[in-house]
Amino acid sequence: MLALSGNVIAKQNNNENLEHIIVTGSRVIENIDEVPASVTVITREQIEAQLKVNPELQNLLQMMVPGMAPSTNSSSNTGQTLRGRAPLVMIDGVPQSTPLRNGSLGIRTLDPSVIERIEVIKGATSVYGNGAAGGVINYITKKPTTADDFSAELDMSTRFSAVKTDETLGARIEGSVSGRADKFSYLATISYEENGVQRDAEGDILGLQYGLSDVQTHNYFTKLGYDFDADKALAFTYNYYKSQQKTDLGDVFGNVNSGDKSYAIHVPPAQQKQGRPQGPSGNTNAMLKYTDNAIFARTALTLDLYAQDIENVFFFSPNLANPDEGYDGGQSIIASQKQGLRATLNTLIDFDNTEATFIYGIDALQDTTSQPLVDGREWVPEMDMSNLAGFFQSKWVMFDDYVIKAGVRHEDIDLEVDDYRTLKLCRNAQQCSVAFEVRGDTLNYTATTYNVGLKYNAYEQFSPFFSYSQGADISDIGRLLRSATVDDIALIRTEAALIDNYEVGFTSVLDSLRIEASLYRSTSDLGTTNRFDEATGVYMPVRAPQEIWGYEALLDYRFHPAWRATATYSYVEGKNTAEDIYLGGKQISPPKATVNLQWQATDDAALTLSTLYVGSRKRFTANDAGEYVGDQGPIDDYFVINLSGNWQFNPSANAYFGIENLLNRDYYPARAQAYTYGGYNIKGLGTTITAGIHYQF
């Protein structure tokens with residue numbers, strides 16, 4: 001389990017082959033050595049290694065991406081920021097998270113079995129438009145085989161708790177076929193996973209709020225391609241993802257301030273988890289891609305036409321109660337439909353001692369998002385967004401050693417919201433919000449963002465870079481609308497945030513040692529945080545200027561042909577600069593370090609030992625009642641050790657195992673400590689074992 005951020009993709013095999021391309025940074029294929037920014041690329045080999053320990057993409061990202069906050073150990077990635085801000089999650093460049101109502105479920109948006117690699121661009125960027133305040137996480141899906149033949153793969157595994165095995169046995173199966181016949185290619189993958197209950201180090205079942213106990217996951221993926229000739233090709237991709245919790249358990253809620261954990265138990269039907277099964281109820285993504293590598297002289301064209309339909313069901317919450325109307329709680333759904341078109345042109349021109357690349361085009365997006373309650377109440381009204389953007393990016397490689405990148409993007413966004421009425425919500429009889437009518441409107445946002453970067457590649461021993469990039473982000477408009485305190489949408493502070501990101505770093509290669517380091521600073525005139533209103537019991541959004549800063553480092557050392565060690569460290573901090581107060585745990589994570597030690601014992605057997613260390617962060621004081629509120633709970637440090645291995649017992653089959661939390665450490669994840677909201681104080685997994693077998697035909 002090894003990730004090299006920056007300028008290299010590590011392929012874990014005996015020959016240690018290196019790839020040197022990336023597509024996310026500039027929307028076209030480019031050499032990573034020519035990217036003046038912090039980049040982490042996770043290869044297919046690394047994804048497979050991580051899946052031996054834990055099948056969740058959140059856990060993979062926490063281990064492999066410096067700057068990524070620790071995993072929440074749940075189905076929700078709220079609080080798992082990238083450098084203190086929300087990343088834009090994409091599948092092949094198609095946005096999965098919507099800034100209109102960010103439900104923080106974007107990371108779990110497809111099954112890892114269909115991912116070829118993951119590209120992470122850190123720091124605000126506008127290359128892909130609205131929403132990439134913290135950077136971009138782009139899942140690049142698999143492609144059909146290039147050989148004129150047929151291949152198939154089958155993977156079967158099981159997973160269970162080693163602390164207390166009762167009801168924990170889960171199973172996973174995935175199969176794929178791929179082939180090519182003349183100009184036609186195809187790939188199809190089906191996966192199904194069924195979890196048992198998950199237990200902590202004491203053997204208790206983890207709490208159900210965003211929980212992964214008793215979750216059933218389906219994923220169907222296909223990619224079809226047709227090559228018209230050597231330059232022109234058409235590809236169609238479709239993915240269906242469903243992951244929902246179907247359980248007969250009920251929660252016993254604890255409290256962060258009293259030190260009592262939340263956990264689940266068997267209860268009578270009336271006390272079981274209420275409402276519809278929580279989780280994605282059948283999210284679909286479809287894309288049609290046309291490429292022409294020679295549409296005219298030294299110019300390539302890529303056209304992407306895509307559509308997406310998402311319905312994410314949340315847990316039943318008593319905080320959505322309204323006793324006056326007979327509601328003892330409620331359950332919300334984020335429904336989002338997107339249709340979009342991306343047209344990208346790429347022109348390459350050679351000058352004396354200079355190679356220039358110009359990337360330009362337009363993006364068009366229609367996004368309709370709402371958040372109703374299952375019982376029919378309207379919580380967040382329907383928001384219709386039309387987004388048209390033009391962009392121009394350039395890259396200049398001079399004398400082989402100097403790389404200069406510069407670009408501009410202009411966004412024009414119209415957001416239409418009809419008249420609506422806010423909900424009256426009650427935490428108890430004494431704490432209720434006030435419902436009133438809000439007049440809708442069509443809001444217009446325009447933003448022009450710039451980026452420039454410089455990289456110097458003359459010396460392998462020291463290759464520095466500097467970058468300045470801006471990103472435009474419509475903050476979570478849905479949260480602002482549902483918490484409105486004025487009667488006209490035009491009076492709500494819905495302005496887009498403009499983020500300025502500054503970064504300086506370097507890469508050094510000294511024989512078998514690779515060093516990467518970077519410093520960054522991110523500022524914005526507006527951010528969105530939540531502040532607890534003790535009178536109503538409602539968390540109200542606060543728009544205020546923010547400054548976030550930090551640093552990251554990576555060491556990769558091959559000290560023996562059979563041994564390799566990789567260590568990372570990342571630190572991030574942030575403040576509301578208007579009030580000079582620290583930002584809470586929803587944005588800012590504690591320091592994080594990882595160490596991975598790999599041993600290729602024989603040609604057919606390998607072991608990996610990985611360690612995650614999360615430091616402490618204690619920036620806030622308790623209130624007059626001696627309690628912490630919101631996302632301001634104190635975080636104590638913890639560490640987790642994992643072990644995995646595999647054995648190739650013939651050319652077509654290998655067996656593997658993974659042990660998560662090898663030492664059965666009893667701990668609360670960082671979010672569970674920082675969040676004081678009810679039901680979030682859930683402990684981490686106790687020792688959990690995965691074992692499986694993989695066939696290739």
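Since the model is a prediction, treat every value here as computed from it, not as a measurement.
- Remark: side-chain polar atoms of Tyr613 are not paired, donor with acceptor, to backbone N or O of Val595 under 3.5 angstrom.
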*asked:* Test side-chain contact (heavy atoms from CB on, under 4.5 Å) on Glu174 and Glu153; report intermediate values, then the result.
replied: CA-CA 8 Å; Glu174 65 182 67; Glu153 295 184 48; over 6 Å; no

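- Considering only heavy atoms from C-beta on, Leu88 stays 4.5 Å or farther from Ile137 through its side chain.
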*Please step through salt bridge (charged side-chain N to carboxylate O under 4.0 Å, His left out) for the pair Asp229 and Lys183, ending with a clear verdict.*
CA-CA 8 Å; Asp229 56 36; Lys183 295 183 178 182; over 6 Å; no

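- The pair Lys142-Asp92 does not count as a salt bridge, with every side-chain nitrogen at least 4.0 angstrom from each carboxylate oxygen.
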*Test Asn642 against Leu609 for side-chain contact (heavy atoms from CB on, under 4.5 Å), laying out the working first.*
CA-CA 6 Å; Asn642 305 323; Leu609 186 72; over 6 Å; no

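- A salt bridge between Lys122 and Glu503 is absent, with no side-chain N of the basic residue lying under 4.0 Å from a carboxylate O of the acidic one.
- We find the CG-CZ distance between Asp33 and Phe465 to be 12.5 Å, quoted to the nearest 0.5 Å.
- Phe462 has its ring centre less than 6.0 Å from the ring centre of Phe506.
- Side-chain contact annotation: Asn451 with Gln393, donor-acceptor N/O pair under 3.5 Å present.
- For Tyr402, the ring pair (Phe, Tyr, Trp, His ring centres under 6.0 Å) partners at least two apart in sequence or on another chain are Tyr456.
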*salt bridge (charged side-chain N to carboxylate O under 4.0 Å, His left out) assessment of Lys405 paired with Glu34*: CA-CA 9 Å; Lys405 295 185 74 172; Glu34 298 173 358; over 6 Å; no

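- Side-chain atoms of Asn59 never come within 3.5 Å of backbone atoms of Asn54 as a donor-acceptor pair (strictly under, hydrogens ignored).
- For the pair Lys289/Thr291, a side-chain contact is recorded, criterion being any heavy-atom separation below 4.5 Å from C-beta on.
- For Ser524, the side-chain hydrogen bond (donor to acceptor under 3.5 Å, both in side chains) criterion is met by Arg85, not counting sequence neighbours.
- Of the possible polar contacts, one joining the Thr602 side chain to the Ala605 backbone as a donor-acceptor pair under 3.5 Å is found.
- Looking at Asn130 and Asn387, their side chains never bring a donor and an acceptor atom within 3.5 Å of each other.
- Side chains of Thr594 and Thr568: a donor-acceptor N/O pair is present below 3.5 angstrom, by distance only.
- Enclosure of atom CD in Glu460 is not indicated, since only 12 or fewer non-hydrogen atoms of other residues, nucleotides or ligands lie within 6.0 angstrom.
- Checked by atom type and distance alone, the side chain of Glu547 never pairs as donor or acceptor with a backbone atom of Lys575 at under 3.5 Å.
- Relative to the ring axis of Tyr557, Arg514 does not place its NZ or CZ within 45° and under 6.0 Å from the centre.
- Between the side chains of Arg27 and Thr344, at least one donor N or O sits under 3.5 Å from an acceptor N or O.
- The closest donor-acceptor contact from the side chain of Asn77 to the backbone of Ile107 lies under 3.5 Å.
- To the nearest 0.5 Å, atom CG of residue Asp352 and atom CE of residue Met398 are 13.5 Å apart.
- Between the side chain of Glu119 and the backbone N or O of Val23, at least one donor-acceptor pair lies under 3.5 Å.
- In this view, Trp549 satisfies the ring pair (Phe, Tyr, Trp, His ring centres under 6.0 Å) rule with no residue, not counting sequence neighbours.
- A distance-only check finds no donor-acceptor pair linking the side chain of Asp556 to the backbone of Leu513 [under 3.5 Å].
- In this structure, the side chains of Tyr128 and Met90 come closer than 4.5 Å at one or more pairs of heavy atoms.
- Side chain of Gln470 to backbone of Tyr450: a donor-acceptor contact under 3.5 angstrom is found.
- In this structure, the side chains of Leu583 and Ile548 come closer than 4.5 Å at one or more pairs of heavy atoms.
- Using modelled atom types, no side-chain atom of Gln598 and backbone atom of Arg564 make a donor-acceptor pair closer than 3.5 Å.
- Taken from CG in Asn501 to OG in Ser126, the straight-line distance is 11.5 Å, to the nearest 0.5 Å.
- If you take CH2 on Trp599 and CG on Leu607, they are separated by 6.0 Å, rounding to the nearest 0.5 Å.
- Within the 4.5 Å cutoff, no side-chain heavy atoms of Ile115 are placed close to those of Thr141.
- With sequence neighbours excluded, the residues forming a side-chain hydrogen bond (donor to acceptor under 3.5 Å, both in side chains) with Tyr656 are Asp155, listed by chain and number.
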*Can Tyr360 and Phe358 be said to form a ring pair (Phe, Tyr, Trp, His ring centres under 6.0 Å), step by step?*
CA-CA 6 Å; Tyr360 48 98; Phe358 304 101; 7.8 Å; no

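- Under the rule for a ring pair (Phe, Tyr, Trp, His ring centres under 6.0 Å), the partners of Tyr571 that lie at least two apart in sequence or sit in another chain are Tyr551.
- One finds the CD atom of Glu116 at 9.5 Å from the CD1 atom of Ile140 (value rounded to the nearest 0.5 Å).
- The distance from atom OG of Ser467 to atom OH of Tyr502, rounded to the nearest 0.5 Å, is 11.0 Å.
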_CA sep, side-chain torsions, deciding dist, call: Lys52, Glu48, salt bridge (charged side-chain N to carboxylate O under 4.0 Å, His left out)_ = CA-CA 7 Å; Lys52 295 180 178 69; Glu48 290 174 349; 5.8 Å; no

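- A side-chain N or O of Asn285 and one of Gln96 form a donor-acceptor pair less than 3.5 Å apart.
- No donor-acceptor distance shorter than 3.5 angstrom exists from the side chain of Glu56 to the backbone of Gln58, with no hydrogens or angles considered.
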*Does the pair Arg342 and Tyr306 meet the rule for a side-chain contact (heavy atoms from CB on, under 4.5 Å), with working shown?*
CA-CA 9 Å; Arg342 295 200 307 258; Tyr306 61 87; 4.0 Å; yes

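- Of the charged side-chain nitrogens involved, at least one lies within less than 4.0 Å of a carboxylate oxygen, so that Glu30 and Lys395 count as a salt-bridged pair.
- Within a 6.0 Å sphere centred on CG of Asp525, heavy atoms belonging to other residues, nucleotides or ligands number 12 at most.
- If you check the side chains of Asp500 and Tyr468, you find a donor sitting under 3.5 Å from an acceptor.
- Of the residues listed (Ile404, Val403, Val504), the one engaging Leu454 in a side chain to side chain contact (heavy atoms under 4.5 Å, CB included) is Ile404, and it is the only one.
- Counting only residues at least two apart or on different chains, the side-chain hydrogen bond (donor to acceptor under 3.5 Å, both in side chains) pairs with a member in residues 292-302 are Arg298-Asp350, Thr299-Thr347.
- Using cut-offs of 30° and 60° on the angle between ring planes, the pair Phe559 and Trp563 is parallel.
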